Amino acid sequence: MLQQSSHVLKCDSKLKNIKQFQINLETAYFTEKEMSEIIPNFLFVFLQWSGFVEVSDIKVKYRFSSRIFDILLFVICVDVCVFNVIISESADKKLIAAYLPCPIVSAIVWYEMRSKRKLITSLLQNIPVVNSSFYEKVVNFLVFINYFSCLILPAILINTVVNPKSLACFVYGYELKNSWLPFVIGILKGSLYYVLYPCATNIVAIFYISLCWRCSMYLNKLVKNISKYTPEEFVRSKQLDILKKKAKIFRVLQNIQTVFSLPIFLIIVANSLMCSSLLGGVLIKIKLNEDNMIFMFYFFDAILCVITILWVAGSIPVEISKFKETFHQTTHERLLYYHATEELHLKTDLFNEPDFVLTGCNILSFRRSTILGVIGTLLTYTVLVVTTN
């Protein structure tokens with residue numbers, strides 16, 4: 001009897017485990033479906049394959065791909081360091097010192113995002129829904145361009161190399177008998193280097209920009225909703241409804257700050273170092289011939305990435321300021337014409353709250369005015385470093 005009862009208990013526990021697994025699987029698929037509806041398609045595909053969201057742990061192909069990406073980025077990072085040590089004898093030491101941190105920072109950003117996939121999943125579940133075909137098209141286009149340039153651009157740039165001997169650094173200085181083999185290895189390694197930097201940092205930046213842009217559009221939508229009401233119609237219940245929605249978007253912004261504060265700060269630092277490296281090369285009169293055109297692309301990619309991040313993230317305080325101004329104007333007219341003094345505490349509480357600004361590690365404030373400050377600092381310190389013996 002005891003053996004029979006223990007067997008029954010084991011069977012019941014197995015059935016419970018199977019049912020629990022099915023429930024978890026259904027919940028995961030439901031979450032995946034929800035996310036696919038609020039995130040642009042190309043970006044959502046990247047989040048799944050890279051393992052940046054928890055739903056990637058359900059399917060075997062996503063678990064496998066995320067582990068492959070982790071290993072690949074580590075191997076590429078080591079190879080890039082070796083590559084830069086080899087070319088350091090023929091290149092300026094200051095430029096190498098400015099460029100080398102870029103791929104290392106890119107790998108750190110990747111692993112930092114992977115470690116926060118639970119927070120990212122929670123963030124995406126609470127992100128507000130904004131129906132905008134223009135937003136989806138722009139984000140999908142940016143992700144597609146990033147993928148496309150990763151495959152095509154290295155091949156084009158390496159094929160424009162005038163001196164084939166400059167490709168020997170890709171094979172650690174060894175001379176190969178086949179004349180075409182250095183080009184093949186150069187294209188392959190060039191693509192992998194591009195995946196590490198700037199492709200990996202660009203896709204994280206696009207993800208961050210898409211979230212900030214969505215929150216900015218939602219705040220703008222709240223401003224338009226307030227503008228629709230006349231002072232007479234903007235009663236206490238509607239004010240509370242607007243303020244509750246604003247509080248919800250502020251919680252989302254705080255989560256964005258928690259997840260992206262360090263990665264985005266590192267991305268801005270890495271891109272600033274890349275720009276400094278290229279500007280320093282120009283100042284010390286390095287000839288940017290056909291062999292060095294890849295550096296020009298890296299420069300424009302880095303400066304555009306920094307400017308776009310600061311511009312879009314800087315739209316958040318702009319929209320918050322518009323929200324407060326519109327709310328104040330409507331409630332002030334309501335107070336003057338309808339003497340609604342019982343609603344004053346809502347307005348007082350709104351204007352007493354501290355201004356919210358996204359930051360990078362509480363060091364760099366993401367405002368649009370910061371763009372000029374970053375460019376000025378970049379130019380100043382580049383000149384100082386270059387002129388230092």
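All values reported here derive from a predicted model rather than from experimental measurement.
Note: M217 CE to C212 SG = 11.5 Å, rounded to the nearest 0.5 Å. Atoms CE and OG, on M113 and S50 in that order, are 8.0 Å from each other to the nearest 0.5 Å. Put simply, CD1 on I264 and SG on C305 are 7.5 Å apart, with the number rounded to the nearest 0.5 Å. Atom CD1 of I127 sits about 9.5 Å away from atom NZ of K248, to the nearest 0.5 Å.
In the model, Y197 has no side-chain atom that pairs as donor or acceptor with a side-chain atom of N202 under 3.5 Å. With no hydrogens or angles considered, a side-chain donor-acceptor pair links N362 and T359 at under 3.5 Å. Using a 3.5 Å distance cut-off with no hydrogens or angles, the side chains of D301 and Y194 do not pair a donor with an acceptor.
Close placement of the F46 and F52 rings is indicated, their centers lying within 6.0 Å of each other. You'll find the ring centres of F42 and Y147 outside the 6.0 Å limit.
Side-chain contact between V105 and I267 is absent, with no heavy-atom pair separated by less than 4.5 Å. The shortest distance between side-chain heavy atoms of P103 and Y193 does not fall below 4.5 Å. Within the 4.5 Å cutoff, the side chain of W49 has heavy atoms near those of the K61 side chain. With contacts defined as side-chain heavy-atom distances shorter than 4.5 Å, the pair N131/V129 qualifies. Between L47 and L124 there is a side-chain heavy-atom pair separated by less than 4.5 Å. Proximity of D355 to P317: side-chain heavy atoms (C-beta onward) are nowhere separated by under 4.5 Å. Residues I120 and F207 form a side-chain contact, since some pair of their non-hydrogen atoms from C-beta on lies under 4.5 Å apart. A heavy-atom distance below 4.5 Å is found between the side chains of Q257 and L358.
Cation-pi check for K246 over F250 is met; the charged atom lies under 6.0 angstrom from the ring centroid and within 45 degrees of its normal.
Atom CH2 of W311 has 12 or fewer neighbouring heavy atoms from other residues, nucleotides or ligands inside a 6.0 Å radius.
S106 places a side-chain N or O within 3.5 Å of a backbone atom of L196 that can act as its donor or acceptor partner. Between the side chain of Y135 and the backbone N or O of S210, at least one donor-acceptor pair lies under 3.5 Å.
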